[in-house]
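Right, one structure below, let's go through it.
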Amino acid sequence: DDAGLEYGDYYDWHADHGKVADALGEDRVLWLHYEQLQDDTAAAARRVFSFLYPTEPRPSSAKIDAAVRFAAFGPTAARGDDALRKGVVGDHAIYLSKEHWDA
């Protein structure tokens, strides 16, 4: 049932959500665009951290770098030692053996 989902015009969606964001206030809404994640993932991670933990000291560059590496969707992501699937075509073979298919 998709009755509760909001579909429709791109601009209407953003205008409506912008109104809600304005009503809630800057301290309760974080607008983060996909392009920002791609362009500067570390800066986006710092923004998310600052939003979620506004009273905490800023994390070190090493911690941000570690978080960014963990969440990276690069070509080495599906190497088999990661618990997260990264959407790489054919990586199912890492997780499902012939025995799985034959079961």
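Residue numbers start at 1 and run along the sequence shown.
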Fellow cluster residues of Tyr10, listed by chain then number, with links counted only when side-chain atoms sit under 4.5 Å apart: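 Same cluster as Tyr10: Tyr11.
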Membership question, hydrophobic clusters at under 4.5 Å side-chain separation (ILVMFWY): are Leu32 and Val68 in the same one?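 No; tracing contacts between hydrophobic side chains, which count when under 4.5 Å, never links both residues.
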Within one Ile-Leu-Val-Met-Phe-Trp-Tyr cluster: Val29 and Val20, side-chain cutoff 4.5 Å: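 Per the 4.5 Å side-chain linkage, Val29 and Val20 are co-clustered.
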Please set out all donor-acceptor pairs under 3.5 angstrom arising from side-chain atoms of residues 47-60, sequence neighbours excluded.
from: Arg47; atom 1: NH2; to: Trp31; atom 2: O; distance (Å): 2.9
from: Ser50; atom 1: OG; to: Arg46; atom 2: O; distance (Å): 3.0
from: Ser60; atom 1: OG; to: Lys63; atom 2: N; distance (Å): 3.2

Mind checking side chain to side chain contact (heavy atoms under 4.5 Å, CB included) for Glu26 and listing every partner two or more places apart, or none if nothing turns up?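 Side chain to side chain contact (heavy atoms under 4.5 Å, CB included) check on Glu26 returns nothing, list empty.
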